[in-house]
Amino acid sequence: MHFSRRALLSLFPAATVLAAAAPGAHAAPPPGATAAGGAAAGGAADRARLLANTLAVFAGTEESNARPEVAAKLAAVEATALTRLAAMDGAGAGEIFRGMPLGNSDPDLARTYQYLCEIALAVRAPGPAPSRVRGDRAVAERVIDALVRLHDTWYGDQSRGYYGNWFTWEIGISTQVGKCLVLLRDEIAAHRPDLPAVYTASMDAYLRNGSDGDVDLDSRFHTGANLADITTNRILQGAVLGDDARIAKAVADQLTVFATVDPYELRHGVTDGFYADGSFIQHASVAYTGSYGKGLLTRVVQTVKILDGTGWSGGGELPGTVRRWVTDGFAPLIHEGWMMEAVKGRGVSRTGTGYADTAAVVEAVVDLCAHVPPGEAEALAGWVKQVHETSPAPLNPAAFVSPVSVARYADVLASSVPARDLTPPAHHAAFNAMDRTVHRRPGWTFALSRTSSRISRYEYMSGENLTPWFQGDGAHHLYLSGQDQSRVYGIDHLTVVDPLRLAGVTAPVEPRRTVPELYGTLWYDNPERGFTASSEAQNTYVYFPRGTEAHSGGARLGAYGTAAMVLGDDAAYAADRAGLLPDDFVTHRGARGTKSWFMFDDEIVVLAAGVGDPAGRPVTTTLDTRIAAPDTEVALTGELRGGAPWEGTGTAPLAWLRWADPAEDTAVGYALLSGPPVTAGLATVTRSRRTVRLTNPDTPVTRQVFTLGVDQRAGGPPVSFAYALVPGATARRLRSYAGGPLTVLANTTRLQAVRHARLGLLAVNTFTPGTHRTAGLAVDGPASVLVRRTPDGATSLAVADPTTERDTVSVTLHGRRLRAVHADPGVRAVPVPGGTRVEVTTRHRYGRSLEATLRP
């Protein structure tokens, strides 16, 4: 279900939510406010239940921790604590832990708090096995004394603190401190009873992007996953202080993240969160399901568990909303246990991504099963089992946050629920709100990253994702089933592939330097012009610049889809041209081109028109890039357009090419439907993982890199071309495209269209004003259209506005007059001379498809 503003108000006291949600309002809820169901929220019993739930979340229970499946988790907790204690023993001056000097490094300060929390966890976690830490009061007091020393020396003086990353001070440290205060609550009460109040006062003082030491729903820092983190921290603070008003206010603030974002009626100007089409955005414009979205999912499920059985629990609607996030937002983006790169922002450059990312989602889903109706729980459990059975890298439940989750995971795997994906094997997901498209078929998944004036081209930050420049310019990932994706994508792929030659990208050929190389720091520093570490100017022009073209989107008809985008400049270059940026700020002009992707059963057909560079630079368009082990005998075979065989690398007018990796037993075919000669390359590349992220280990990666592309000389005219990506193709199938079911009907900067005869599909993208005609179809203005005619005489139609700016789109079907037997709201069929006009109201649909079924 979509969680609307109205539903939000129905689940919590109206006075509480309105106080939290109204612009500029920060008042605490009235004493004695009641939660859903009429039960009074607050009081000693509710706080005791909340604290017990929190201990269960992080430390487990006697029952869960007695389970043999949880033993590895408890052993890891114990081993980590012993390692941290040894580091405390060897600490030098100005340190709590050896090798982490304090006073200037906010990451070292944050890690110090984390390490103390890891020791506290081992003290508190119950378990049947002997332990050197569990229940040790001396160890607990050692942690408490370290917390006191940290506060007195390095944290409590706010005039000296708040250097480095704002997140450290407003979220990171508070998260660890809050857990420590709960885990060691009894020991703190006996040893330093003033500590919770002292720390909470400081944590409030560090909430500088808030208002009066509390959440500010109008702050760009207090949104989405960040808001969930902050409010969860404040719930725990309220519990240990006995402050019911703080808890109720924090819960009310967190409830706002459950609301589906309506881009036409924003609350507090916030664009961060989940959208109706399953998209998730953080940082106002970054497609981020696989990182911040994952963090939000983890936090809100933890909140559901923490508040369970209390007057603050909010009823049963919240778990249902989260279940929808999983079904529509997360499951389509996970291929056989691998979280797709397209939605991870700067996280793509980290070494522990992909399969590891999915563990957090699985843990949240396992816990969610206990809070949704039985039918929904069974579907979620089936998905968990499907991930377990299809992932080449077995998930390690010891990495879960909660021992209780480990036990529940074991129960799910042992259950009789059949393994079943939440996403059908043949499925098309149009995440147009975040400029992403995912197309699934048995055996493969295609993920496309686009950009627009609404969505960022990439995310760079904090020395992560150093070479991101073209990651949103039509880059794609083609995941083949049965593979270990860490061998073909992930950190190694990002490391060895030239950033100008990412699969699907058109890029001007020119040298580029990373932000640290350009400016000598992790950001562009110019306070006089508004550029500081986390300023809006930094975000807009350095960290995650948006594109400048509005046209990016596509239509979906059942399991088929289109996508389209217009290449252009980014916001930084546009601002530079307008004279808005300092003289030493470096920007780059983009290439030009109009592109379409038509996604069918066996192939993805790509059309490109007007591809070139108005600045006269050379341009390269990479049709695909794949990597293989350095000792693999990769096979490249194909045919020229005249029918002569081709093998190996080089430039030629190919009709088709087949890439095969015998070591992985995988193949991808490329049918070159039209255009200039293409260049196939295969090179062994060695680069350090530190090339893409400053804090990565300086580990060299060697891979064979295959590229297939169209190279244009400097000053050359714009070109057009069409090709099909054919996963798993044989030579015979690739030959069939010469006279097969595909027909490219148009490929210009105005109109791109393909007919698939076998499927009865006509797929069209239009880009300019005016009437566009092809194959008995007339489309008014820019649009994405899919038309399918079936043997029984039915005509199905899907229409979307990829600009998100049009009120209506009209499509005329020439031929017999048709009547609508089914139509989405806002779709109307009108008879006209020579055919039928379908009028589609696209206003406020934000690129979503509207469908109709017509018959004579």
Please walk me through it: do V261 and D272 pass side chain to side chain contact (heavy atoms under 4.5 Å, CB included)? CA-CA 7 Å; V261 177; D272 290 354; over 6 Å; no
Q471 and N465: CA distance, side-chain angles, deciding distance, side-chain hydrogen bond (donor to acceptor under 3.5 Å, both in side chains) verdict: CA-CA 10 Å; Q471 289 171 357; N465 203 20; 2.9 Å; yes
Taking it one step at a time, do F446 and W597 satisfy side chain to side chain contact (heavy atoms under 4.5 Å, CB included)? CA-CA 11 Å; F446 176 80; W597 294 260; 4.0 Å; yes
Go through the steps to decide whether L494 and D492 satisfy the test side chain to side chain contact (heavy atoms under 4.5 Å, CB included), and finish with yes or no. CA-CA 5 Å; L494 192 66; D492 290 350; over 6 Å; no
Step by step, would you call T506 with D473 a side chain to side chain contact (heavy atoms under 4.5 Å, CB included)? CA-CA 7 Å; T506 294; D473 286 5; over 6 Å; no
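Residues Y670 and D624 have side chains that bring a donor and an acceptor to within less than 3.5 angstrom of each other. Residues Q254 and T303 bring a donor and an acceptor atom of their side chains to less than 3.5 Å of each other. T168 and D106 share a donor-acceptor pair across their side chains, judged by distance under 3.5 Å alone. With no hydrogens or angles considered, a side-chain donor-acceptor pair links T175 and R299 at under 3.5 Å. Side-chain N/O atoms of S456 and S285 include a donor and acceptor closer than 3.5 Å. Counting only N and O atoms by type, the side chains of S552 and D435 include a donor and acceptor under 3.5 Å apart. In summary, the side chains of T684 and R703 do not present any donor paired with an acceptor at a separation below 3.5 Å, with no hydrogens or angles considered.
Side-chain atoms of M339 and T353, non-hydrogen and from C-beta on, never get closer than 4.5 Å to each other. Residues L694 and L466 meet the side-chain proximity criterion, which asks for heavy atoms closer than 4.5 Å. Y479 has its side chain within reach of Y489: a pair of non-hydrogen atoms, C-beta onward, lies under 4.5 Å apart. No side-chain heavy atom of W383 sits under 4.5 Å from any side-chain heavy atom of V412. In this structure the side chain of L500 never reaches within 4.5 angstrom of the side chain of V505, judged on heavy atoms. Annotation: side chain of V406 is not in contact with side chain of S64 (no heavy-atom distance under 4.5 Å). Using a 4.5 Å heavy-atom cutoff, the side chains of V57 and V404 are not in contact.
Taking the six-membered ring where the residue is Trp, the centroids of W166 and F221 are separated by under 6.0 Å.
The two atoms that bring S596 and A564 nearest to each other are OG-CB, 4.2 Å, heavy atoms only. Contact detail for E118 and T80: the closest heavy-atom pair is OE1-CG2, 3.5 Å. What you find for I281 and A433 is that their closest heavy atoms are CD1-O, 3.3 Å. Among all heavy-atom pairs drawn from I627 and V488, the shortest one is CG1-O, 3.5 Å. Closest approach of L522 to Y543, counting heavy atoms only: O-CE2, 4.3 Å. Heavy atoms only, all atoms of each residue included: N539 and S534 are closest at ND2-O, 4.3 Å.
Proximity of a side-chain donor or acceptor of T632 to a complementary backbone N or O of V634 within less than 3.5 Å is not detected. Side-chain atoms of T625 come within 3.5 Å of backbone N or O of R501 as a donor-acceptor pair. R658 contributes a side-chain N or O that, together with a main-chain N or O of A729, makes up a donor-acceptor pair within less than 3.5 Å.
Considering only residues two or more places apart in sequence or on other chains, D498 meets the salt bridge (Lys or Arg N to Asp or Glu O under 4.0 Å) condition with none of them. Shown here are the side-chain hydrogen bond (donor to acceptor under 3.5 Å, both in side chains) partners of T437, two or more places apart in sequence or in another chain: R450. Partners of Y288 by side-chain hydrogen bond (donor to acceptor under 3.5 Å, both in side chains), not counting sequence neighbours, listed by chain and number: R346, E459. For D421, the salt bridge (Lys or Arg N to Asp or Glu O under 4.0 Å) test picks out R440, with sequence neighbours left out. Scored by the side chain to side chain contact (heavy atoms under 4.5 Å, CB included) test, A76 finds no partners at all (sequence neighbours excluded). For Y113, the ring pair (Phe, Tyr, Trp, His ring centres under 6.0 Å) test picks out Y155, with sequence neighbours left out. V304 meets the side chain to side chain contact (heavy atoms under 4.5 Å, CB included) test with P319, H371; sequence neighbours excluded. Under the rule for a ring pair (Phe, Tyr, Trp, His ring centres under 6.0 Å), the partners of H428 that lie at least two apart in sequence or sit in another chain are H439. For the side chain to side chain contact (heavy atoms under 4.5 Å, CB included) test, residues two or more places apart in sequence or in another chain that qualify with L413 are K385, H388, Y409. By the salt bridge (Lys or Arg N to Asp or Glu O under 4.0 Å) test, R690 is found to be paired with no residue, residues two or more places apart in sequence or in another chain being considered. Among residues two or more places apart in sequence or in another chain, the side chain to side chain contact (heavy atoms under 4.5 Å, CB included) test is passed with E336 by T390, S481.
Heavy-atom contacts from other residues, nucleotides or ligands closer than 6.0 Å to CD of E633 number 12 or fewer. A 6.0 Å sphere centred on CG of D665 holds no more than 12 heavy atoms belonging to other residues, nucleotides or ligands.
Both tests hold for K344 against W338: distance to the six-membered ring centre under 6.0 Å, angle to the ring axis within 45°. With a 6.0 Å cutoff to the six-membered ring centre and a 45° limit on the axis angle, R626 counts as a cation-pi contact of W659. Cation-pi check for R441 over Y560 is met; the charged atom lies under 6.0 angstrom from the ring centroid and within 45 degrees of its normal.
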Check residues 362-370 and write down every donor-acceptor pair under 3.5 Å in which the side-chain atom is one partner and the other belongs to a residue at least two apart or another chain.
from: E363; atom 1: OE1; to: V401; atom 2: N; distance (Å): 2.9
from: E363; atom 1: OE2; to: V401; atom 2: N; distance (Å): 3.1
from: E363; atom 1: OE2; to: S402; atom 2: N; distance (Å): 2.9
from: E363; atom 1: OE2; to: S405; atom 2: OG; distance (Å): 3.1
from: D367; atom 1: OD1; to: S405; atom 2: OG; distance (Å): 3.0
from: D367; atom 1: OD1; to: R408; atom 2: NH1; distance (Å): 3.0
from: D367; atom 1: OD2; to: K305; atom 2: NZ; distance (Å): 2.7
from: D367; atom 1: OD2; to: S405; atom 2: OG; distance (Å): 2.8

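Of the residues listed (W325, Y292, F258), the one engaging F274 in a ring-ring contact (aromatic ring centres under 6.0 Å, His included) is W325, and it is the only one.
Here the CZ-OG distance, from R350 to S291, works out to 5.0 Å after rounding to the nearest 0.5 Å.
A salt bridge links K294 and D357; the closest N-O separation between the charged side-chain nitrogens and carboxylate oxygens is under 4.0 Å. Here R67 pairs with D411 in a salt bridge; the nearest charged N to carboxylate O distance falls below 4.0 Å. A salt bridge does not link R546 with D570: every distance from a Lys NZ or Arg NE/NH1/NH2 to an Asp or Glu carboxylate oxygen is 4.0 Å or more.
Ring geometry for F600 versus F598: interplanar angle under 30°, hence parallel rather than tilted (30 to 60°).
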